[in-house]
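The block underneath contains the structure these notes are about, expressed in structure tokens.
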Protein chains: 2
Amino acid sequence: MAESPPTIYDVASEAGVSIATVSRVLNGYSQTRAATRDRVLAAVRELGFVPNGAARGLSRGSKRILGLVFAHTPADDDLLAEEEGSLLFTDSIVRGAEESAERHGYSLLLSGAGGEHGDHAASVNALTGKTDGLILLDRVLPERRLSAIGKRFPIVLLAGSGRCRSAVTVRVDNEGGMRAVAEHLVAVHALRRMAFVSGFADSPDSASRGAALCLAVTELGGELRPADHLTADWTSSGAARVVQQRLASGGEVPEAIVCANDQMAVGVIHVLAANGLHVPDDVAVVGFDDVPLARHLSPPLTTVRQPTRQLGVVAVESLVALLEGIAPTRRDIVLPTELIVRGSCGCVADGDARGSAGSAAAAVVGSR
Amino acid sequence: MAESPPTIYDVASEAGVSIATVSRVLNGYSQTRAATRDRVLAAVRELGFVPNGAARGLSRGSKRILGLVFAHTPADDDLLAEEEGSLLFTDSIVRGAEESAERHGYSLLLSGAGGEHGDHAASVNALTGKTDGLILLDRVLPERRLSAIGKRFPIVLLAGSGRCRSAVTVRVDNEGGMRAVAEHLVAVHALRRMAFVSGFADSPDSASRGAALCLAVTELGGELRPADHLTADWTSSGAARVVQQRLASGGEVPEAIVCANDQMAVGVIHVLAANGLHVPDDVAVVGFDDVPLARHLSPPLTTVRQPTRQLGVVAVESLVALLEGIAPTRRDIVLPTELIVRGSCGCVADGDARGSAGSAAAAVVGSR
DNA sequence: TTGTATGCGTTATCAG
DNA sequence: CTGATAACGCATACAA
């Protein structure tokens with residue numbers, strides 16, 4: 001049905017020149033006489049010619065395609081688990097990466113690493129053939145696999161632990177962000193007994209946030225008992241569930257609950273309310289990410305902003321640099337985070353729905 | 001630095017066979033003696049061989065890559081406009097599409113259609129060379145451009161108006177969903193004066209939702225004045241802004257405000273509260289999408305659920321069918337929506353944070 | 001400035 | 001069952 005698309009040969013004969021000339025005017029490295037160039041361009045338009053990417057890639061040895069691999073959230077049996085907590089986070093990264101890739105003349109290939117069932121390693125390996133380089137998100141592959149592939153193929157790690165030596169890593173300053181949270185809670189609100197709600201147990205991001213919070217809280221004279229280190233799954237429902245269990249188990253209610261992302265904070269606020277606990281009067285709640293909705297919740301969410309989109313941008317730029325043979329200045333790139341103080345920690349929120357005005361509605365505390 | 005990857009020739013000589021044999025065992029169409037097959041496989045593993053996608057695509061005339069093109073939200077000057085309202089929606093589609101593509105043996109190429117500045121048409125045209133088929137989201141191209149490309153290249157439209165004849169369209173039943181909303185508001189809550197908050201003015205989805213609501217409300221004896229048809233931009237802030245203006249302009253406050261998506265509903269609830277109006281006692285608010293957070297808001301959001309992920313899945317399947325030469329049964333595929341009744345319309349919410357149990361916590365009303 | 005010829009890595013069509 | 005070999009569409013070194 002669909003007749004095969006025009007090739008460079010069609011254009012050449014249409015314009016009465018050789019394919020070499022067509023190629024030249026299209027890629028414009030060499031000089032071409034204006035007249036012939038116009039003829040070629042006319043023919044291109046006439047035929048609606050678009051260079052075949054496969055042929056081009058084969059010929060010049062570069063497909064101009066970058067791969068971005070993320071780990072599928074285990075949707076499991078739970079059909080409602082569309083509620084993917086990592087969703088906002090991942091997708092913001094994707095946006096940034098796509099935009100940056102395009103700007104550098106590349107396209108972005110997306111992969112969920114073979115779904116949940118499939119062999120992640122095999123899936124990533126296959127992508128190796130379709131792309132020029134790969135960006136791997138948190139949790140897609142164990143470190144040893146990583147270095148195995150990283151030695152033979154350009155790779156950038158995103159939001160990893162930063163401990164992998166065989167590849168460039170881009171991540172955010174979880175430690176600084178959590179320290180800022182701890183300081184604020186202890187110094188400003190005089191809170192002592194904290195709890196932490198984590199994402200997936202195997203997430204480096206979640207782990208480093210929990211560890212940093214615990215360390216800072218302890219140093220500042222607060223307390224974060226192991227029993228109050230709650231393990232959830234990045235989702236509102238998951239967080240609500242573990243907090244519900246924690247409340248049901250009796251024992252003193254923590255004075256503050258810090259969550260590894262904003263979705264979970266919403267779930268926590270919700271379940272606290274269901275138990276007659278008011279935020280922030282009875283319990284302070286803090287999130288992480290600063291998703292757009294955060295400022296519109298009631299109370300507006302105090303949270304740690306991380307430059308999610310920028311994460312994607314920087315990852316792509318690092319990868320492109322790698323591909324162009326530029327030796328990476330640093331193998332561990334850390335992007336800053338900042339504490340955004342709103343109402344859920346007990347501060348008086350004065351911000352309204354407007355956020356574009358000159359001065360931000362919320363206080364900002366740098367993490368570094 | 002990176003030595004060029006092994007080719008099929010390397011594998012062949014390593015295994016002591018011809019490249020034809022290697023190709024055969026790798027693609028497994030023809031029979032091969034077990035012994036030689038093992039030798040080849042061993043060589044493949046040994047060398048870490050991965051077929052070059054470009055060469056493969058060139059040879060077999062199919063790149064096994066599908067493109068998904070979305071319109072970049074005009075981030076404009078406003079740096080905070082990361083607040084992309086369409087984000088959740090688009091990204092859920094992307095997930096579904098990616099998963100489905102992978103299942104069918106394809107990869108997914110993502111494109112924001114040249115950023116906001118670039119020529120969308122040119123951008124889409126270029127993608128034509130890197131992919132086997134394209135899925136175009138709402139707003140990326142005007143209809144005439146669409147049909148121009150659609151005639152020469154496999155295309156599926158997503159969330160369009162459904163009026164394009166030159167391509168298969170996949171969309172949701174906006175009309176049914178909005179009718180259900182109107183009926184519920186009028187019949188159950190005896191509300192009459194409604195308002196509608198739209199997304200971008202040029203979005204078919206938003207337009208059809210507004211039109212359907214208006215029609216249904218009027219038919220049911222309610223009222224939706226032109227002045228109460230508020231045009232926003234899919235974002236919380238945008239919605240908050242237009243509603244604030246509407247309130248400031250005086251005049252009777254609508255009894256219900258229906259929004260074209262959930263993000264905007266959140267912004268509306270927020271700004272209403274800022275004006276001393278309580279939801280749902282003073283004003284009922286309804287959203288659209290049923291994002292995961294919706295049930296955890298206070299009050300839990302009454303909204304229209306649409307199968308976002310499924311949208312991506314179906315689009316991919318339609319496209320793959322097209323590529324395999326299967327004539328599309330229908331050129332306009334409409335996925336069902338359903339009204340999810342929670343608290344923000346005035347109903348008593350009894351659902352808690354759990355949502356996976358046998359019976360849903362919220363009432364469900366089919367749209368058809 | 002332009003044309004000719006070769007290579008890129010696979011698949012697929014032939015013979016053997 | 002296996003091995004040569006011809007496409008596939010484009011870029012490019014080399015000639016003219």
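Below, chain A is the first sequence line, B the second, and so on; all start at residue 1.
Rounded to whole Å, the distance from CZ on A/R39 to C1' on C/dG3 is 13 Å. Atom-to-atom, CG of B/D38 to P of D/dT2 comes out at 11 Å; the value is rounded to the nearest Å. Put simply, CD1 on A/I19 is 14 Å from P on D/dA13, counting in whole angstrom units. With rounding to whole Å, A/L26 atom CG is found 11 Å from D/dC10 atom C1'. One interatomic measurement links the two molecules: OH of A/Y9 to P of C/dG3, which rounds to 14 Å at whole-angstrom precision. Between B/D10 atom CG and C/dG9 atom C1' there is a gap of 11 Å when expressed in whole angstrom units.
The side chain of A/T21 has C/dG3 as its nearest neighbour among C/dG3, D/dT2, C/dT11. Taking only side-chain atoms of A/R33, from C-beta outward, the nucleotide of C/dT1, C/dG3, D/dT2 with the closest atom is C/dT1.
Using a 4.0 Å cutoff on non-hydrogen atoms, the parts of residues 42-67 of chain B near DNA chain C are B/F49, B/V50, B/P51, B/N52, B/A55, B/R56, B/S59, ordered by number.
For A/A126, there are no side chain to side chain contact (heavy atoms under 4.5 Å, CB included) partners at least two apart in sequence or on another chain. Under the rule for a side-chain hydrogen bond (donor to acceptor under 3.5 Å, both in side chains), the partners of B/S23 that lie at least two apart in sequence or sit in another chain are B/N27. Contacts of B/R60 classified as salt bridge (charged side-chain N to carboxylate O under 4.0 Å, His left out), with partners at least two apart in sequence or in another chain: none. A/D202 is linked by a salt bridge (charged side-chain N to carboxylate O under 4.0 Å, His left out) to A/R139, counting only residues two or more places apart in sequence or in another chain.
As judged by a 4.0 angstrom heavy-atom cut-off over every strand, A/V22 is placed among residues making no nucleic acid contact. Within 4.0 Å (heavy atoms only), A/S23 reaches at least one base atom of the nucleic acid.
Within the 3.5 Å criterion, the main-chain N or O of B/T7 finds a donor-acceptor partner in the side chain of B/D10.
A salt bridge is defined here as a Lys NZ or Arg NE, NH1 or NH2 lying under 4.0 Å from an Asp or Glu carboxylate O, and A/R171 with A/D205 fails to meet this definition.
Put simply, the residue from B/L319, B/V316, B/L68, B/V320 that forms a side chain to side chain contact (heavy atoms under 4.5 Å, CB included) with B/V156 is B/L319.
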Practice task
Check step by step if side-chain hydrogen bond (donor to acceptor under 3.5 Å, both in side chains) holds for B/S62 and B/D132.
Solution key: CA-CA 6 Å; B/S62 159; B/D132 298 328; 3.2 Å; yes
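Scanning both residues, B/L66 and B/Y106, for their nearest heavy atoms gives CD1-CD2, 3.3 Å.
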Output one line per pair: protein atom, nucleotide atom from nucleotides 14-16 of chain C, and distance, for all N/O pairs under 3.5 Å.
none

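For B/T36 and A/I8, each mapped to the nucleotide of DNA chain D holding its nearest heavy atom, the one lying further toward the 5' end belongs to B/T36.
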